[in-house]
Amino acid sequence: MKLGRIGATATLVRHCEKHEIDLSVYLAMYETNDWGILEEEDCHSNNMEMFALEGHVLGKYTLTTGEDIYIETTWNEEERHTIVCFTEER
């Protein structure tokens, strides 16, 4: 899946720097349609949504420090962007 522009919240970036967490590991899983710890129904919705001209998909992962993060990609015919954040920041 194409991720487009990728961004992360400042809070998450600081946390990852402090704890030496590499977000590219989680982005690589997400990019290959591994949606992390989502329910089966949500994974199915993501897989179906990927064929739409406009839409969004979401993955949920647990960092090595125990906090959960979301990776979400939103797109339309003109642009695509991906944001990574703590679940409480969404």
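- Around atom NE2 of H44, no more than 12 heavy atoms belonging to other residues, nucleotides or ligands sit under 6.0 Å away.
- At least one side-chain heavy atom of L12 sits less than 4.5 Å from a side-chain heavy atom of L63.
- Cluster membership check: Y70 does not share its hydrophobic cluster with V84, using side-chain heavy-atom separations under 4.5 Å among Ile, Leu, Val, Met, Phe, Trp and Tyr.
- Side-chain heavy atoms closer than 4.5 Å link hydrophobic residues (I, L, V, M, F, W, Y) into clusters, and following such links, even through other members, never connects I37 to V25.
- With rounding to the nearest 0.5 Å, the separation of CE in M1 from CG in N46 is 8.0 Å.
- Linking Ile, Leu, Val, Met, Phe, Trp and Tyr whenever their side-chain heavy atoms come within less than 4.5 Å leaves L58 and I71 in two separate clusters.
- Side chains of D34 and T32: no donor on one and acceptor on the other come within 3.5 Å.
- Put simply, the side chain of I69 reaches to within 4.5 Å of the side chain of Y26, judged on heavy atoms.
- Sorted by first then second residue, the side chain to side chain donor-acceptor pair (under 3.5 Å) pairs that include residues 81-90, not counting sequence neighbours, are T9-E89, T11-E89, E72-R90, T73-T82.
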Atom pairs and distances, side-chain donor-acceptor, residues 47-56, under 3.5 Å, sequence neighbours left out:
| from | atom 1 | to | atom 2 | distance (Å) |
| --- | --- | --- | --- | --- |
| N47 | OD1 | W35 | NE1 | 2.9 |
| N47 | ND2 | C43 | O | 3.3 |
| E49 | OE2 | H56 | N | 3.4 |

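- Cluster annotation: I83 and L38 are assigned to distinct hydrophobic clusters (Ile/Leu/Val/Met/Phe/Trp/Tyr, side-chain heavy-atom contacts under 4.5 Å, transitive).
- Looking only at side-chain heavy atoms (C-beta outward), W75 and K2 stay at 4.5 Å or farther from each other.
- L27 is not connected to V13 by any chain of hydrophobic side-chain contacts under 4.5 Å among Ile, Leu, Val, Met, Phe, Trp and Tyr, and they are in different clusters.
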